[in-house]
Amino acid sequence: MLNFNSPIMDTKEYSEIKISEVEPILKINLRGKSRDFITKIGKELSIIPPTESNTSSGNENLNILWLGPDEWLLYSNNKIDLNNINILENKLFNEISKAKIGSVTNVSDHWIMINLKGKKVFELLASGCPFNFNEFKKTKGSVTQTLLNHIDVIIHNKNINDLNLFVRRSFSNHLWSWIKDSSRFI
Amino acid sequence: MSKNLRITNNKFIDQTTKISFKFDGKTLYGFKGDTLASALLANNIHLVGRSFKYHRPRGIMACGSEEPNAIVQVGNDASITEPNTRATEIELYEGLEASSQNCWPSVNFDIGAVNNFFSPLIPAAFYYKTFMWPANFWKLYEYFIRKSAGLGKSPTEPDKDIYDHRYLHCDVLVVGGGISGIMAAKVAAKSNLNTVLIDDKNNLGGTTLFQKNECFKINSFYSNDWLRKEIETLNSLKNLTIKTRTSLAAYHSYNYLLARENLTDHLDLNEKRDKIRQRLWKIRAKKVIIATGAMERPLIFSNNDRPGIMLSSSIKKYIDYYGVKCGQKISLFTNNDSAYETAISLNNSGVIVNSVIDIRNKTNSLIVKQAEKLGIKIYWKSSVVNTSGYKKINSIEFMKLSDDATTVIGKKIKEKCDCLGISGGWTPRVHLFTQSGGKLKFRDVDNVFLPDKSELDQISIGSCNGDFELDDVIKNSVNLTNKFLKINNNDYENLEIISSKEIDKKNIWLLPSDKPLGKTKQFLDFQNDSTANDVKLALREGFKSIEHVKRYTTTGMATDQGKLSNMHALGIIAETAGVKMGELGTTTFRPPYTPLTFGTIVGRNVGEFFDTTRKTPIHEWHVENKAEFENVGQWKRAWYYPIGNENMHEAVQRESKAARDSAGILDASTLGKIDIQGSDASEFLNRIYTNAWSKLEIGKCRYGLMLNEDGMVYDDGVTTRLSENHYLMTTTTGGAANVLSKMEDYLQTEWPELDVYLTSVTDHYGTVSICGPNSKRILTKIIPDLDLSDKEFPHMSFKNALIDNIKCRVMRISFTGEHSYEINIQSSYAKSVWEKCFEAGKEFNITPYGTETMHLLRAEKGFIIAGQDTDGTMTPVDLQMDWIINKKKYDFIGKRSLYRSDTIREDRKQLVGLLTDDPNEILEEGAQIVSETNSQPVEMLGHVTSSYYSPNLNKSIALAVVKNGKKLKGQKMFVPMKDKNISVTITDTVFLDKENKRLNA
Amino acid sequence: MKNKYSIFSLIKNAFSYHENWQRAWRDPEPKKEYDAIIIGGGGHGLATAYYLAKKHNMTNIAVVEKGWIGGGNTGRNTTIIRSNYLWDASAGLYDHALKIWEGLSQELNYNVMFSQRGVMNLAHNLQDVRDLKRRTHANRLNGIDAVYLNTEEVKKFCPIINTSPNIRYPVLGGTLQKRAGTARHDAVAWGYARGADAMGVDIIQNCEVKGIKRIGDSVEGIETTKGFIKTKKIGVVAAGHSSVIANMVDLKLPLESKPLQALVSEPVKPIIDTVVMSNAVHAYVSQSDKGELVIGAGTDAYVSYTQRGSHNVVEGTLKAILELYPIFSRMKMLRQWGGIVDICPDASPIISKTHIKGLYFNCGWGTGGFKATPGSGDLFAHTIANDDPHKLNADFNINRFVSGDLVDEHGAAAVAH
Amino acid sequence: MFLINCPYCGERDQSEFSAGGEAHIVRPKQPTELSDDQWAEFLFMRKNIKGVQFERWNHAHGCRKWFNMVRDTSNDKIHAVYKMGEKPPIK
């Protein structure tokens, strides 16, 4: 068997902040411009990709984050076994990419997901992120792509003071160090 | 502490907590709440520094950020010492050590003071006029000039403190916590606006906080008492954030402001540790209210720089706020009413006020009458003409002013004093307003520049907007705020305000003297030692613009950035040149408002966080196996893996040989990988790359070269056709982000009609590359069910496969010229696959190799590295890669540029191989190439781009670009080094296995 | 004749309380016509006028300046002077300038404080090393005094640099040009102005050019805020505003004008005795005679004429400064400012005729024009006087952007374009 | 630091964006038909306007979309943003 390796595999707690890397989960990048694409995704996943910017849609298993007018990130809430990922990826690929209405790319390992929880998570973010979270934090499900400590991130507001942050794997170790360092001072 | 200099009934200083500190090595005491300046004054120390040029004794002049003289070195430790710190802003703490600067051996006896005697020889800008001969002596002159210049000393060890950044977004930012700022913040916060109020002091209230005077009352309270109650109510406002010890440093466009919060500078030495010293707030405010107040102006007269000469309002703050008497017998010199407030305060605290010397004719404002009632002596229409006392003022001389105020007349009166308060009126602090791009207007009546037009959503209120009377301040601040925020708050309507009104205003920028101008010194810029005379000299010499005068005389360029001197410089220029001040304009106020510590600007982006470090999924293995790393952009790449005491050369020779003799393994995960899907994917690649893609079979790989629109090679890599409309592109490590963004650019802006989607998958895949004659055997062990026959899986093709049930893509491609495979597997399993390959390869002595060996191996085969063998001036034709240009294609990026008159020249620099006559001589990369060695200067034909000793060929090899190189094959050339000329021969670029036999071995 | 400046004249004038110094230059109203007009009273423009008068006998000329002389990039740069450029053409140009710098104070009788304290360029990655070695070899063969230093030699020449191998981008080596250094920027403008004025050149300040009059393919004169001035030859030396002038005659130049920022610290006693430039981590620093650390930041990527730039550029620069000089963390930024630099696609200047007769452009100096001031003025004067370039500036013609024969010096500037 | 209103994502800090130079310089459809002069015009020559300029920006660290901006280069004031392919809202 091949061993699974994650760059972080850690959880840390500070006063009012808890940070942890989340179990490997499915992440698929979806692209498409047409109405067909939206309908097809809706049909396959029973979730309509949001067309309103900076928002998300989802159910108990899956979330679709708006990344751009023709780009979404699909991710699962829970660890999904590999076979299921393959099946889902193949199904979507066949229905979307092969059908020439968009593209489907597995990015499960491209992104690392870090969960940030606690009353002071937004202070933590404010120590390295120029994004204005004033409205964001009030709106469950809101999504933003921005920079945190000069690193590209996607942030999904799951719940009150409960965020999922996506960072590219090769940057994740560095960002994790930085988050830990920042949390000392919040 | 001199007991008799402290008054005891003071509310702002904790006179129960005694603090010890050192100044110039001497242990002194102050109280909690003191600044270094107030504590020194309480110890009867005025002399704290020497001036920049003449080394004249200088004392504390002010009580805030405008202080020009009292700048000290704080701390002795080489890592935390801090130069040029204003004593007026240092909050006293236990263990503080400070010392005077720019003097030797001591502030009391300073050798440099000899400059004062030479001062007639060193007028403004004298240095432009001398030190020119002997011509090569400037270095020597400069050595001494430099030694005597500079103020404090830089630390010599790295800083131990931590700095931090924080972003803040608010509806309203109020800068300045004086009376107008407090009212504005309250009005805003009560209207449900998310409001932030900042002030650079340790508490709110500004000067009103200690204004206890019969002439300034609100609702029959003293103004200080009224304001204190207002401040207390602020705590209950939930939309309001208050930040004290926070000074606004810069106001940029789009209401982006930087503020520095001081978190530990005021703490005792042992409390500072492990805390953030300063935090830079990066504020984005929807609306900004500037309430930064005004600064008192000095007066410009002969010898106005002696220790003990202070701004009148500062003397007031020292007595009313710190409970410190700046002297026992104080004289005041003024052109306006505010000195009378000082006189009354001093009088109330039992300090003798000798007299108030006022350049105005007798005036009858409320406050003047109050002073007269207290029996304070006033000399109207008089002016100080000289002062005495070397290390501290001991007397002043004053005379009557003539009716036109151009000369002094009558008898000279001498008055003994130990302190002189001067007041030249008030300058609104418009610095932030102008930093933000706002334009100023000039108000003639009291010679002030005021905020006029601004592009940004902001207003100025209070005295920084030119309101100097209490009732105006209150009324206008609230009205302006209401209007600005489009609200209607009436909390401050119907206040009953008593406020003394200044009736008479008069200003003389340069006061007349009984001596010729050149004979005395009237200082404008106290720190830089520029005088009124210097300004006049500049004007005489034709320096007319304010910026010229400023630069020629250095007025306003000291660490206080001319806070006290700029207005007078302008005034004197205007007067001398006979122009109106408003027409002259001002100099530009540049950020920061007060000097800002580098560490604060940088925050925690130091050390580990200086720049992002990117790691491959196999990184830990390289670390465990003692790899040396190379920085490639932000990536850490394994460079070579030394065994034992091997140096780099030895390791690389071993790795290179192993890779060709048996098997090598390389972490290629850093290569950029872009997933391309869409029905026009092939057409897109046709336009992006120089070669054709439509006919590439599914399952095949192809090398592509990408040009810039100027025809020069930009990036390269192998792209694989995964299915009809699906490709996987690889890019160079360094080029990945740029290539993706460039392709997105073309796709979105030039070719939106193409149905193509690009998604980066660089981090999704780890790439394990195994090469060498045994690579096939190793791969068979790992993926037994994959048919690796040349027929089924030829060079430049790809297969989907499973390793332990995990999907992967295997490409048979080669950058070394060896039979070679790249396994792309999702990153989480990459390290495990690497280990598996390593394990399987052990019997074949599989050898991990790094980037250096990779470079060597590819050079043996003549493969280029974009960025090393190309430098932005090489076309594919120059690289002798004509074969990759599909001439039949209608267009591709950069095509047209290949046909310009210079790019079609046949004798351009072209990529060639080089062999040294001595096979053991390794050329230096970057060395130049010439065809003859006798002439001077010699024409350089090109340079060595890559050079190695090849252990597989047992000789040194090199790639180079040489003018007309294509036609010079076989020709002798020279590589001229500092100490020798190396003979070389131009060859083909392929040194090893020209027939590509090894690919299929 | 003007006052000659010397220690003796200072002593003499001290007796009269410095009341008798003459004007450094006159303040004339424009004449109706000149033989040539230079648009732009910065260092390059004033030097051009000076050499036109001095070497080409053209004294009936004027320099027109929108604001005050030396108020643009001349007075806003970090005053670094060096000639260690890669390509022959650039090396020729910049070393020509450096040679004039070496005698400029004496020539102008104005101390421009040219201080040959050396300029070091650092390498932080392997490609940097290759590039710097390549440049050093080329310099040596071109007779330019650059040498390559290893890390220890870098440390020895400037001990306060952090050469630890454990920093993020360790110093792997560097180059040193000892003849390089700094000069006093204002003095260069003032010295040339005074020199030119003494030969009869009219320096007209507060005179903004509003238009260029043409008859057929030749220039006829300029419209200014002080009226029309006739001339057959116009030399434009307007730096960041070059395109503004060019647009008046519908000429498009290969330029973008971008904000370049710089800053100084508070003055301290001597702490760094040379100029150090680092391309890869992007920091360059020297110390002025006054004691301020003079630090050059980078350019923003967008066009702007505001003389302001983005804060993140300054933050990025200081970050790099602290990486290389952690001892500077407690130093304080006293002043920051911006200039507008006109950047060519190949990071090399244009000193060239145009297709309009009598119209010449000297522009595109990007982030590094100060060092070339004397050479640029000299060669531009030659080009204007002879209607033909000097061999040293022949390669810097506008036509190179058509033919493709660029002089790519991106590696030479410490600013990433 | 500008505050830029991305036509897709809304107001964001300048650091999320990258500037792409003058807008509406259309890549010639038939480059081979052009003279060297004409090609150089496309490749290098710029108006470099002081005043209201049309330019390209990319929300590089956000939605990755390119868009156009109308900005006054003399005071950095942004007058409008609009999507690629749309007509400028301001003349």
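Naming convention: chains lettered A, B, ... in sequence-line order (proteins, then strands); numbering from 1 in each chain.
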_Taking side chain as everything from C-beta outward and backbone as N, CA, C, O, which of these in B:T612 sits under 4.5 Å from a heavy atom of chain C? Side chain, backbone, both or neither._
backbone
*Tell me, for B:Q634 versus chain C, whether the close heavy atoms (under 4.5 Å) come from the side chain, the backbone, both or neither.*
both
*Can you label the angle between the B:W138 ring and the B:Y141 ring as parallel, tilted or perpendicular, going by 30° and 60°?*
tilted
_Less than 4.5 Å to any heavy atom of chain C: does that hold for the side chain of B:S545, its backbone, both, or neither?_
side chain
_Region of C:I271 in contact with chain B, defined by heavy-atom distances below 4.5 Å_ = side chain
*Pick one of side chain, backbone, both or neither for C:D346, based on which atoms fall under 4.5 Å of a heavy atom in chain B.*
neither
*Show the numbers, then the answer: is there a side-chain contact (heavy atoms from CB on, under 4.5 Å) between C:I203 and C:E65?*
CA-CA 8 Å; C:I203 296 166; C:E65 165 57 46; 5.9 Å; no
*Please determine, by modelled atom types, if B:Q101 and B:N84 share a side-chain donor-acceptor pair under 3.5 angstrom.*
yes
_Please evaluate residues C:D197 and C:R23 with respect to the criterion salt bridge (Lys or Arg N to Asp or Glu O under 4.0 Å), reporting the C-alpha separation (whole Å), side-chain torsions for both, the decisive distance (0.1 Å), and the verdict._
CA-CA 10 Å; C:D197 177 88; C:R23 308 185 60 125; over 6 Å; no
_Neighbour count above 12 (heavy atom, 6.0 Å) for C:K319 NZ_ = yes
*Give, as side chain, backbone, both or neither, the part of B:M712 having an atom under 4.5 angstrom from any heavy atom of chain C.*
neither
*Would you mind checking which part of C:E102 comes under 4.5 Å of any heavy atom in chain B, side chain (CB onward), backbone (N, CA, C, O), both or neither?*
neither
*Which of the residues B:G603, B:G152, B:S901, B:A125 is involved in the greatest number of heavy-atom pairs with chain C at under 4.5 angstrom?*
B:G152
*asked:* Which one wins on heavy-atom pair count under 4.5 Å against chain C: B:K536, B:Q73, B:H165?
replied: B:H165
*Can you tell which part of B:I71 gets under 4.5 Å to a heavy atom of chain C, answering side chain, backbone, both or neither?*
neither
*asked:* Tell me whether B:K153 at atom NZ has more than 12 heavy atoms from other residues, nucleotides or ligands lying less than 6.0 Å away.
replied: no
*asked:* Between B:D534 and chain C, with a heavy-atom cut-off of 4.5 Å, which part of the residue counts as in contact: side chain, backbone, both or neither?
replied: neither
*At a heavy-atom separation under 4.5 Å, does C:L322 approach chain B through its side chain, its backbone, both, or neither?*
side chain
_For C:R76 against C:W337, the heavy-atom pair lying closest together_ = O-NE1, 2.7 Å
*For the residue pair C:F15 and C:I11, what are the closest heavy atoms and their distance?*
CD1-O, 3.3 Å
*Any side-chain donor-acceptor pair under 3.5 Å between C:D88 and C:N142?*
yes
*Contacting moiety of C:R140, where chain B heavy atoms sit under 4.5 Å*: side chain
*Side chain, backbone, both or neither of B:T873 within contact of chain C (heavy atoms, under 4.5 Å)*: side chain
*Using non-hydrogen atoms and a 4.5 Å limit, figure out which bit of C:Q287 sits close to chain B: side chain, backbone, both or neither.*
both
_Under 4.5 Å from any heavy atom of chain B - which part of C:L172_ = neither
*Check the pair C:E323 / C:R168 against side-chain contact (heavy atoms from CB on, under 4.5 Å), numbers first and verdict last.*
CA-CA 8 Å; C:E323 171 80 347; C:R168 182 68 183 85; 3.3 Å; yes
*Check the pair B:S946, B:D869 against side chain to side chain donor-acceptor pair (under 3.5 Å), reporting the backbone distance first and the verdict last.*
CA-CA 7 Å; B:S946 300; B:D869 302 297; 2.6 Å; yes
*Given the options B:S897, B:G867, B:G872, which has more heavy-atom pairs under 4.5 Å with chain C than any of the others?*
B:G867
*Check whether NZ of the Lys or CZ of the Arg C:R400 lies under 6.0 Å from the centre of the six-membered ring of C:W87 and within 45 degrees of that ring's axis.*
no
*With only heavy atoms counted, which part of B:H943 is less than 4.5 Å from chain C, the side chain, the backbone, both or neither?*
side chain
*SB check B:K129 B:E541 (cutoff 4.0 Å)*: yes
*Side chain, backbone, both or neither: which part of C:L293 has a heavy atom under 4.5 Å from chain B?*
side chain
*Would you call the rings of C:W190 and C:W25 parallel, tilted or perpendicular if under 30° counts as parallel and over 60° as perpendicular?*
tilted
_Region of B:Y256 that comes under 4.5 Å of a non-hydrogen atom in chain C_ = side chain
*Examine B:R260 relative to B:Y163 and say whether NZ or CZ is less than 6.0 Å from the centre of the six-membered ring and inside a 45° cone about the ring axis.*
no
*Highest number of heavy-atom pairs under 4.5 Å with chain C: which of B:Q561, B:M557, B:E82?*
B:Q561
*Heavy-atom distances under 4.5 Å only: say whether B:A250 touches chain C with side chain, backbone, both or neither.*
neither
*With a 4.5 angstrom heavy-atom cut-off, which part of C:V402 approaches chain B: side chain, backbone, both or neither?*
backbone
_Residues of residues 306-314 of chain C contacting chain B, heavy-atom criterion under 4.5 Å, by residue number_ = C:R308, C:H311
*Looking at C:D289 and C:R184, does any basic side-chain N land under 4.0 Å from a carboxylate oxygen?*
no
*Tell me, for C:Y148 versus chain B, whether the close heavy atoms (under 4.5 Å) come from the side chain, the backbone, both or neither.*
neither
*Under 3.5 Å side-chain donor-acceptor pair for B:E157 and B:S79*: no
*Pick one of side chain, backbone, both or neither for B:T945, based on which atoms fall under 4.5 Å of a heavy atom in chain C.*
backbone
_With C:N125 via side-chain contact (heavy atoms from CB on, under 4.5 Å) - residues at least two apart_ = C:Q127, C:D128, C:A280
*Under 4.5 Å heavy-atom distance to chain B, tell me which part of C:D186 shows up: side chain, backbone, both or neither.*
side chain
*For each of B:I145, B:V938, B:V606, B:D611, tally heavy-atom pairs with chain C at distances under 4.5 Å, and name the one with the top tally.*
B:D611
*Where on B:L258 is there a heavy atom nearer than 4.5 Å to chain C: the side chain, the backbone, both, or neither?*
side chain
*Is it the side chain or the backbone of B:E630 that comes within 4.5 Å of chain C heavy atoms, both, or neither?*
side chain
*Would you call B:E628 and B:K636 a salt bridge, taking side-chain N to carboxylate O under 4.0 Å as the test?*
no
*Please look at B:K282 and chain C and tell me whether the side chain, the backbone, both or neither of the residue comes under 4.5 angstrom of a heavy atom of that chain.*
side chain
*Top contributor to chain C contacts, counting heavy-atom pairs under 4.5 Å, from B:E925, B:R540, B:R900*: B:R540
